[in-house]
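Here the structure is a predicted model, which means the values were calculated and not measured.
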Amino acid sequence: MRTVRRHPSSRPFMAAPRVDFYHPARDIDAALHATERAVRRAEGIGLVVGSAGTGKSLLLAVLAERLRDDFDVALLSGARICTRRALWQSILAEIGEPYRGLDEGELRLGIVERIRGLAATGSGLVILVDEANTLPSRLIEELRLLTNVPTPMPSVHLVLAGTAALEEALGTPRMESIAQRIATRHYLEPLDHAETMAYLRTQARAAGQSWEALFGAGCDDAVFTATDGVPRLINQLCDHALVLAGESGRSIATAEIGRAHV
């Protein structure tokens, strides 16, 4: 029998962050609005702290979408960057500037020139760093120095997102100059029971489906118990349950949530 392959957009639950599936839970929505305001008002560095799976990557992706009409946006992954050259290349690649075959000095100069050009039009460069706890401290310092590029108004805006290890690193004496510039600090926690119930239904609805049609009574409570409200774990568990159910066309029972969790 031929396997039916569904397009990712028809899957209600995926581990990868999807902007169209954003659910405005309390912590993440407060962080999103405050961080966007800090960027637009040039208030200083934004900091988002949360344990694995609580929505940091999704928050940055949504923020990038909201800002791209007014700014150049570079959305970076700290886990993939370990040298200054890689940092400059990543930024230039994100904003559509040439970066191949250039030495380190030329790369940085290219970024500075783009910043000055943006400033002349009243715009700026927003650098969003996911997994910033894995970015070497010397590279975080390089980003701080980039915010010092002289322009009539602040034109480089920085948002760092990572685990508690990032906040601990920013609390050390060598990072004091960066810590002093933090304008907004937000913490993402797992969803509570009510938020989990709403989250499950948002994900199903975004895929054009209904939670109640896919999952039987009590499954939402079972998902919360099994995942403690961590969004990434919720998505993984529900997606696994749907895979196990296959193409039967029936709704998933509570017992199957337990089997998917094993």
(message) Using the rule given for side chain to side chain contact (heavy atoms under 4.5 Å, CB included), can you reason through Leu58 versus Tyr22, listing the C-alpha separation, both sets of side-chain angles and the distance that settles it, and then say yes or no?
(response) CA-CA 7 Å; Leu58 177 58; Tyr22 173 73; 4.0 Å; yes

(message) Quick one, Ile111 with Trp88, criterion side chain to side chain contact (heavy atoms under 4.5 Å, CB included). Give me CA distance, side-chain angles, the key distance, then yes/no.
(response) CA-CA 7 Å; Ile111 295 172; Trp88 306 144; 3.5 Å; yes

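Side-chain contact of Thr184 with Arg37: a donor-acceptor pair under 3.5 Å is absent, judged by distance alone. If you check the side chains of Tyr199 and Asn235, you find a donor sitting under 3.5 Å from an acceptor.
Here the straight-line distance linking atom CG of Asp29 with atom NE2 of His186 works out to 11.0 Å at 0.5 Å rounding. Within the model, atoms CG of Leu76 and CG of Leu143 stand 7.5 Å from one another, a figure rounded to the nearest 0.5 Å. If you take CG on Leu32 and CG on Leu60, they are separated by 9.5 Å, rounding to the nearest 0.5 Å. Atom CZ of Arg11 sits about 9.0 Å away from atom CG of Leu242, to the nearest 0.5 Å. Between Arg26 atom CZ and Glu189 atom CD the span is 9.0 Å, to the nearest 0.5 Å. Atom-to-atom distance recorded for Ile28:CD1 and His33:NE2 is 10.5 Å, nearest 0.5 angstrom.
Take Glu141 and apply the side chain to side chain contact (heavy atoms under 4.5 Å, CB included) test, not counting sequence neighbours, and it matches Arg144, Leu145, Ser177, Ile178. Glu176 meets the salt bridge (Lys or Arg N to Asp or Glu O under 4.0 Å) test with no other residue; sequence neighbours excluded.
More than 12 heavy-atom neighbours from other residues, nucleotides or ligands sit within 6.0 angstrom of CZ on Phe224.
When each of Arg85, Gln89, Arg84 is paired with Glu104, the side-chain hydrogen bond (donor to acceptor under 3.5 Å, both in side chains) condition holds for Arg84 and for no other. Here the rule is side-chain contact (heavy atoms from CB on, under 4.5 Å) with Asn133, and of Val49, Leu166, Leu170 only Leu166 fits it.
Among residues at least two apart or in separate chains, side-chain hydrogen bond (donor to acceptor under 3.5 Å, both in side chains) pairs with a member in residues 45-62 are Ser57-Asp130.
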